[in-house]
A.B. asks: 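This is the structure I want to talk about, given as structure tokens.
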Amino acid sequence: MIEHNLKFYLKKYFGYSSFKEGQEEVIKALIDQKDAVAILPTGTGKSMCYQLTGKLLDGTVIIVSPLLSLIQDQVEQLRFQGERRVLALTSNLTYSEKNYALQNLHTYKYIYLAPEMLQNNEVLARLQQQKISLFVVDEAHCISQWGPDFRPDYLELGKIREKLGNPLTLALTATASQQTINAIMSGLELDQSATKVVRKSVDRENIFLSAFKFNNEQDKLEKLFDLLNTIKGPGLIYFSSKKKANEITEKIKAKTSLKVAAYHADLDMNDRFIIQHQFLDNKLDLICATSAFGMGINKENIRYVIHYHLPGELESYIQEIGRAGRDGKQSIAILLYQKGDEGIQQQLSLNNIPDNQMIDYYINNKQQFAETDNESIQLLNKISNLYSSKEELQSFFLQRKRQKFNSLQQMLQYVDTNECKRQYILDYFEDNKKIDHHELCCQKLNDDLPLKELGLIFDENEQKSLKIEEFYKIIDKIFRT
DNA sequence: CGAGAGTACTATAAAGTACTCTCGGTGCATTATT
């Protein structure tokens, strides 16, 4: 009966009169007690999928989320909508707050937490006593992207689900290849044949795709500044190194009138918050960032995403350029590749994976490693708990190494390909969509950018009208208060 | 891994060569003290 009235409840609880693409399909599956994996582009209301379902089912919704800032945002959003039974079960709580929350878990409808928190015995025990209507994993690509070598607790979610009595489950993400979808399902121990997969095309038609290749850094820098002086912002430049992000930020400050800031993990939370909000308020023209910048940041009018270094895999690349053009207006992705840049990625990922010899040594001396401050050994400790034999562990890392190597090769092929870059991406994601290649779709390596045709040339008059817009905003604020 | 910076060497001196050194991302929770 409920499913016929989904729209009614959408209106009743959230005030919307229609669903966005994919939402209804996901919610219907969940109401039918069917697990679901949903790959929906950012901005299409992924969280509505569990928010509405939560209202309709009896019990608590648990949402596993990778970042405290994301949890914060979601909690605020729900509270703003009038839902008071929301809990952010994180390390931000004081000891007594946490205690109170755990004693009163049954009073909450939505509980947000990071996967690490589920490793806490008391938290798990309390949750086991709850009636859980839905177990949600937000940003579920983290299972395969972060689980194996960064945040291993992502690999434990399957076991956690089991300990919680295999509750109805929903995995959400914006970008996932078939390989990633499979990793998500097996990581969560979902029955592949019984899981509903809802997947919308990853294609973002309003983002023009381009790449350039350089023999030395001087040429690359020249191109970068050439771009910065002509292209319309606001924009984002991605780096694989914090040092480089700082360095180029200073160069841009010195050589242009652009307002720019660097953003990476060396900044404290306060600075990050300030920079993020200045950027959102159009008080910064661009940000030089590492991969720390992105998840959960919703700025609509980013016009360009430049990559000064290439990421380790196409999936990350798509996530990063996908931050452009959320408003649907024409935007551009420009990859600046210099021969040898892949060495950074190789060092960052590939060479950090232990080889057979190291695993051998680790297994033979395991007791010595039980208590350690070394993060990579802590990681090894966690992962080795998932496998019963040395051979299994070795093959896990070998497979990981191969996978990373292949991902990097595919990234390089993307740069080099003379075919339609958009089609290359869609084929990689096993997206069935076929592209009708046209002039404003993408271009071959080193072709001149059609910035004029794309309407992406920096225009002073437009800057002025932007300032008028700002002026109206200020007036608006004054009159409201 | 591999690029770029830095250093030592050569020996008319200056600038080129060869060598070594350095560097590289993402965050949760938790601890014991102030």
A.B. asks: At less than 4.0 Å, is any side-chain N or O atom of A:Q347 found next to OP1 or OP2 of B:dG25? Yes or no.
C.D. replies: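 Indeed not, no polar side-chain atom of A:Q347 lies that close.
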
A.B. asks: What's the spacing between A:Q347 CD and A:S240 OG if we round to 0.5 Å?
C.D. replies: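 Reported value, rounded in 0.5 Å steps: 12.5 Å.
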
A.B. asks: State the dot-bracket string of DNA chain B. Criteria: Watson-Crick or G-U wobble, both atom distances under 3.5 angstrom; notation: ( ) intrastrand, [ ] crossing earlier pairs, | interstrand, . unpaired.
C.D. replies: ((((((((((....))))))))))..........

A.B. asks: Using the C1' atom on both, measure B:dA13 against B:dG6 and round to a whole Å.
C.D. replies: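 Here B:dA13 and B:dG6 have their C1' atoms 22 Å from each other.
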
A.B. asks: In this structure, how many angstroms lie between the C1' atom of B:dG24 and the CD atom of A:Q345, rounded?
C.D. replies: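 After rounding, the gap between these two atoms is 9 Å.
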
A.B. asks: Within the distance-only criterion (no hydrogens, no angle test), does the side chain of A:Y424 pair as donor or acceptor with the backbone N or O of A:E419 below 3.5 angstrom?
C.D. replies: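 Checked: no pair found.
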
A.B. asks: Over 60° means perpendicular and under 30° means parallel, so tell me whether A:F273 and A:H277 are parallel, tilted or perpendicular.
C.D. replies: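 A:F273 and A:H277: tilted rings.
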
A.B. asks: Tell me what A:Q119 touches on the nucleic acid: a base, only sugar-phosphate, or nothing, going by heavy atoms under 4.0 Å.
C.D. replies: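 Here A:Q119 touches no strand at all.
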
A.B. asks: Just say parallel, tilted or perpendicular for the rings of A:Y238 and A:H307, cut-offs at 30° and 60°.
C.D. replies: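 Geometry flag for A:H307 against A:Y238: parallel rings.
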
A.B. asks: Just how far, in rounded Å, is C1' of B:dG4 from CG of A:D219?
C.D. replies: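 In whole Å, B:dG4 C1' and A:D219 CG are 15 Å from each other.
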
A.B. asks: Dump every N/O contact between nucleotides 26-30 of chain B and the protein below 3.5 Å, one line per pair.
C.D. replies:
| residue | atom | partner | partner atom | Å |
| --- | --- | --- | --- | --- |
| B:dT26 | OP1 | A:A265 | N | 3.0 |
| B:dT26 | OP1 | A:T290 | OG1 | 2.4 |
| B:dT26 | O4' | A:S291 | OG | 3.4 |
| B:dT26 | O2 | A:W146 | NE1 | 2.8 |
| B:dG27 | OP1 | A:R272 | NH1 | 3.3 |
| B:dG27 | O6 | A:E375 | OE1 | 2.4 |
| B:dG27 | O6 | A:E375 | OE2 | 3.3 |
| B:dG27 | N1 | A:E375 | OE1 | 3.4 |
| B:dC28 | OP1 | A:L68 | N | 2.7 |
| B:dC28 | O4' | A:R151 | NH2 | 3.3 |
| B:dA29 | OP2 | A:S91 | N | 3.4 |
| B:dA29 | OP2 | A:S91 | OG | 2.5 |
| B:dT30 | OP1 | A:K98 | NZ | 3.4 |
| B:dT30 | OP1 | A:N120 | ND2 | 3.1 |

A.B. asks: When the distance from CD of A:Q378 to C1' of B:dT31 is rounded to whole Å, what number comes out?
C.D. replies: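 Spelled out: CD on A:Q378 to C1' on B:dT31 is 13 Å.
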
A.B. asks: Using the C1' atom on both, measure B:dT10 against B:dA14 and round to a whole Å.
C.D. replies: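 Rounded to whole Å, the distance is 11 Å.
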
A.B. asks: I'd like to check A:V61 versus A:V136 (side-chain heavy atoms, cut-off strictly below 4.5 Å). Are they in contact?
C.D. replies: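 In short, these two side chains touch, coming nearer than 4.5 Å.
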
A.B. asks: Using atom CG of A:D341 as one end and atom P of B:dC23 as the other, report the distance to the nearest whole Å.
C.D. replies: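 Distance, rounded to whole Å: 19 Å.
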
A.B. asks: Without decimals, in angstroms, what is the distance between A:E217 CD and B:dG24 C1'?
C.D. replies: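 From A:E217 CD to B:dG24 C1': 13 Å.
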
A.B. asks: Which of these, A:R79, A:Q81, A:R85, sits in a side chain to side chain donor-acceptor pair (under 3.5 Å) with A:E83?
C.D. replies: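 For A:E83, the side chain to side chain donor-acceptor pair (under 3.5 Å) test succeeds with only one of A:R79, A:Q81, A:R85, which is A:R85.
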
A.B. asks: Rounded to the nearest 0.5 Å, what separates atom CD1 in A:I181 from atom OG1 in A:T173?
C.D. replies: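 Interatomic distance, A:I181 CD1 to A:T173 OG1, rounded to 0.5 Å: 9.0 Å.
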
A.B. asks: Is the number of heavy atoms from other residues, nucleotides or ligands under 6.0 Å of A:N364 CG greater than 12?
C.D. replies: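 Check passes, neighbour count above 12.
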
A.B. asks: Is A:K223 close enough and on-axis enough to A:F212, meaning under 6.0 Å and within 45°, for cation-pi?
C.D. replies: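 Yes.
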
A.B. asks: I need the CG-P distance between A:L310 and B:dC1, as an integer number of Å.
C.D. replies: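 Checked: the CG to P distance equals 18 Å.
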
A.B. asks: Rounded to the Å, how far apart are A:E247 CD and B:dC23 P?
C.D. replies: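 It works out to 13 Å between those atoms.
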
A.B. asks: Checking A:F369 now: which residues fulfil ring-ring contact (aromatic ring centres under 6.0 Å, His included) with it, not counting sequence neighbours?
C.D. replies: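 Here the qualifying residues are A:Y362.
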
A.B. asks: Mind checking A:K244 for me? I need base, sugar-phosphate or nothing, with any heavy atom below 4.0 Å counting as a touch.
C.D. replies: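 Touches nothing.
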
A.B. asks: Let me know, please, whether A:S241 or A:N215 comes out on the 5' side of the other along DNA chain B by nearest nucleotide.
C.D. replies: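 Its nucleotide being nearer the 5' end, the pick is A:N215.
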
A.B. asks: Rounded to whole angstroms, how far apart are CD on A:Q409 and P on B:dC1?
C.D. replies: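 It is 14 Å, rounded to the nearest whole Å.
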
A.B. asks: Which whole number of Å gives the distance between the C1' atom of B:dA11 and that of B:dT17?
C.D. replies: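 Straight-line distance between the two C1' atoms is 14 Å.
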
